[in-house]
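One-based numbering along the sequence shown. As the structure lists them, so they are numbered: ligands from 1, and atoms in each ligand from 1.
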Amino acid sequence: MMRTRPLKVALLGCGVVGSEVARIMTTHADDLAARIGAPVELAGVAVRRPDKVREGIDPALVTTDATALVKRGDLDVVVEVIGGIEPARTLITTAFEHGASVVSANKALLAQDGAALHAAAEEHGRDLYYEAAVAGAIPLIRPLRESLAGDKVNRVLGIVNGTTNFILDKMDSTGAGYQEALDEATALGYAEADPTADVEGFDAAAKAAILAGIAFHTRVRLDDVYREGMTEVTAADFASAREMGCTIKLLAICERAADGGSVTARVHPAMIPLTHPLASVRGAYNAVFVESDAAGQLMFYGPGAGGSPTASAVLGDLVAVCRNRLSNATGPGESAYAALPVSSMGEVVTRYHISLDVADKPGVLAQVATVFAEHGVSIDTVRQQGKDGEASLVVVTHRASDASLTGTVEALRKLDTVRGVASIMRVEGE
Ligand SMILES: NC(=O)C1=CN([C@@H]2O[C@H](COP(=O)(O)OP(=O)(O)OC[C@H]3O[C@@H](n4cnc5c(N)ncnc54)[C@H](O)[C@@H]3O)[C@@H](O)[C@H]2O)C=CC1
Ligand SMILES: N[C@@H](CC=O)C(=O)O
Ligand code: NA
């Protein structure tokens, strides 16, 4: 039966995502009411620039005082799509204190302060939902939190940043320059307010922290995630990748150790075979593999960024949270009972593609091979190309620990015959 008193929703932030949330709340109002069992009313919209014309939003609802809005006391749900740490964190905790549940898209905040925010939600008997925070429109948080709650997840691997996938895809497929591709991603609403978060891997690392925490029922913070961005990926790297039948993607990889006693989480560019499903993820799309004991391998794929796709995830959470309000229930909170330590990057085991500039003379290959052997890193293939007394040597290893590889590279740099290490890239997905 439909309740007549509307559920009151406040929107904090009306940018790329917020404006789409407001639009869909209006255009789909009847369907949302039918699905929830009560109408949903936009009770206030906090913005930074009040003079901006916002189509479809009653100017009487607009305020620059987000704090007063969340303190009203009559709100059922606060949707936080401002981004960043403050004032978002204080606004969310204030919303809980004043009786509202919260839907957020803020991965940076959740990766840093997720535990405290979950605790605040629990203390006040309210919900904290954030499907939009990881991989945009793709349902991933809810499947991990709910659908896979009876299984044991061992690995989560994928592309979780739309901006960098868009840039890498353009560089690979059209030869576009980095800045040109980044400007386009920004204009399309994919990039963070400060795109450094995207290109330096902070955004993907925040998402990896959130995914690892939920998947492994443990606490993983942004600082626990090893991070390398994609700003150093060059056209030459793409050429090398192509010669190996690979492309380059920025991956987030969260793994449970084989003995189950610890986890790792990392973000870095990696070569993957063109035959791997992740290689064909184009533009701002994301794709994530989840591997678990009982289910085996699952793949989640879809738009990972952009106003409308992200608003879809926010609206899905809004419906879920509103339903919970009507039944005086709350959804699952934080599950961190496993309390697993997060191991350092040195313990991660994978394959490597190393490109060296070396002197083109007899014995160099043997010297280089000896260094690899001394560090216990087994070589899979070597390719050498000579040019005017110099040569480029490309070594692809078998699986080795990151610590052994780091030791190998340090020793290689000390060889007189090695002029430089042109690039080191991990090889995944084989
Ligand atoms: N754009 C995207 O594709 C996605 C964004 N997100 C997340 O959604 C959130 C919002 O992102 P966007 O909409 O892209 O950013 P945006 O920069 O377009 O929008 C944020 C809005 O908040 C406003 N704002 C800033 N401080 C405020 C304050 N104190 N009070 C009221 N309004 C304030 C800004 O003026 C701006 O209009 C961020 O946490 C972002 O990481 C998540 C998934 C995808
Ligand atoms: N900047 C982010 C937005 C979505 O999370 C991205 O590009 O993925
Ligand atoms: Na999502």
Open item on the list: Checking a contact table here: which protein heavy atom is nearest atom 8 (O) of ligand 2, and how many Å away?
Closed with: Gly162 N, 2.7 Å

Task: Winner among Leu188, Val134, Ile167, Asn161 once heavy atoms are compared against atom 6 (C) of ligand 2 - done: Asn161

Task: ligand 2 N/O within reach of Ala305 N/O, cut-off under 3.5 Å - done: no

TODO: Below 4.0 angstrom from a heavy atom of Gly306, which ligand 1 atoms are there? Numbered from 1 as shown, please.
DONE: 2 (C), 3 (O)

Open item on the list: Just to check, does Gly136 reach to within less than 4.0 Å of ligand 1 when the distance is taken from its heavy atoms?
Closed with: no

Task: Sub-6.0 Å ring centroid separation between Phe372 and His398 - done: no

Open item on the list: Quiz question: by atom type and distance under 3.5 Å, do the side chains of Glu428 and Thr350 form a donor-acceptor pair?
Closed with: yes

- [ ] For Ser404 and His375, test the side chains for any donor-to-acceptor distance below 3.5 angstrom and give the result as yes or no.
- [x] no

Open item on the list: Tell me the nearest of Asn286, Thr163, Asp203 to atom 7 (O) of ligand 2, using heavy-atom distances.
Closed with: Thr163

TODO: For Lys170, check side-chain hydrogen bond (donor to acceptor under 3.5 Å, both in side chains) against everything at least two apart and list the hits.
DONE: none

Task: Side chains of Asp293 and Asp151 in contact at under 4.5 Å (non-hydrogen atoms) - done: yes

Task: Polar atom proximity, Ala191 to ligand 1 (N or O, under 3.5 Å) - done: no

Open item on the list: Regarding ligand 1, does Glu80 bring an N or O atom to under 3.5 Å of one of the ligand's N or O atoms?
Closed with: no

- [ ] May I ask whether Gly136 has any heavy atom positioned less than 4.0 angstrom from an atom of ligand 2?
- [x] no

Open item on the list: Below 3.0 Å, can you find an N, O or S atom of Ala132 next to the Na ion (ligand 3)?
Closed with: no

TODO: Under 4.0 Å, heavy atoms only, figure out whether ligand 1 is touched by the backbone of Pro87, its side chain, both or neither.
DONE: side chain

- [ ] Just need the protein heavy atom nearest to atom 4 (C) of ligand 2, so name the residue and atom and give the distance.
- [x] Lys107 NZ, 3.3 Å

- [ ] Could you please compute the angle at the Na ion (ligand 3) from O of Glu131 to O of Gly136, rounded to 10°?
- [x] 90°

Task: Any Leu12 heavy atom less than 4.0 Å from ligand 1 - done: no

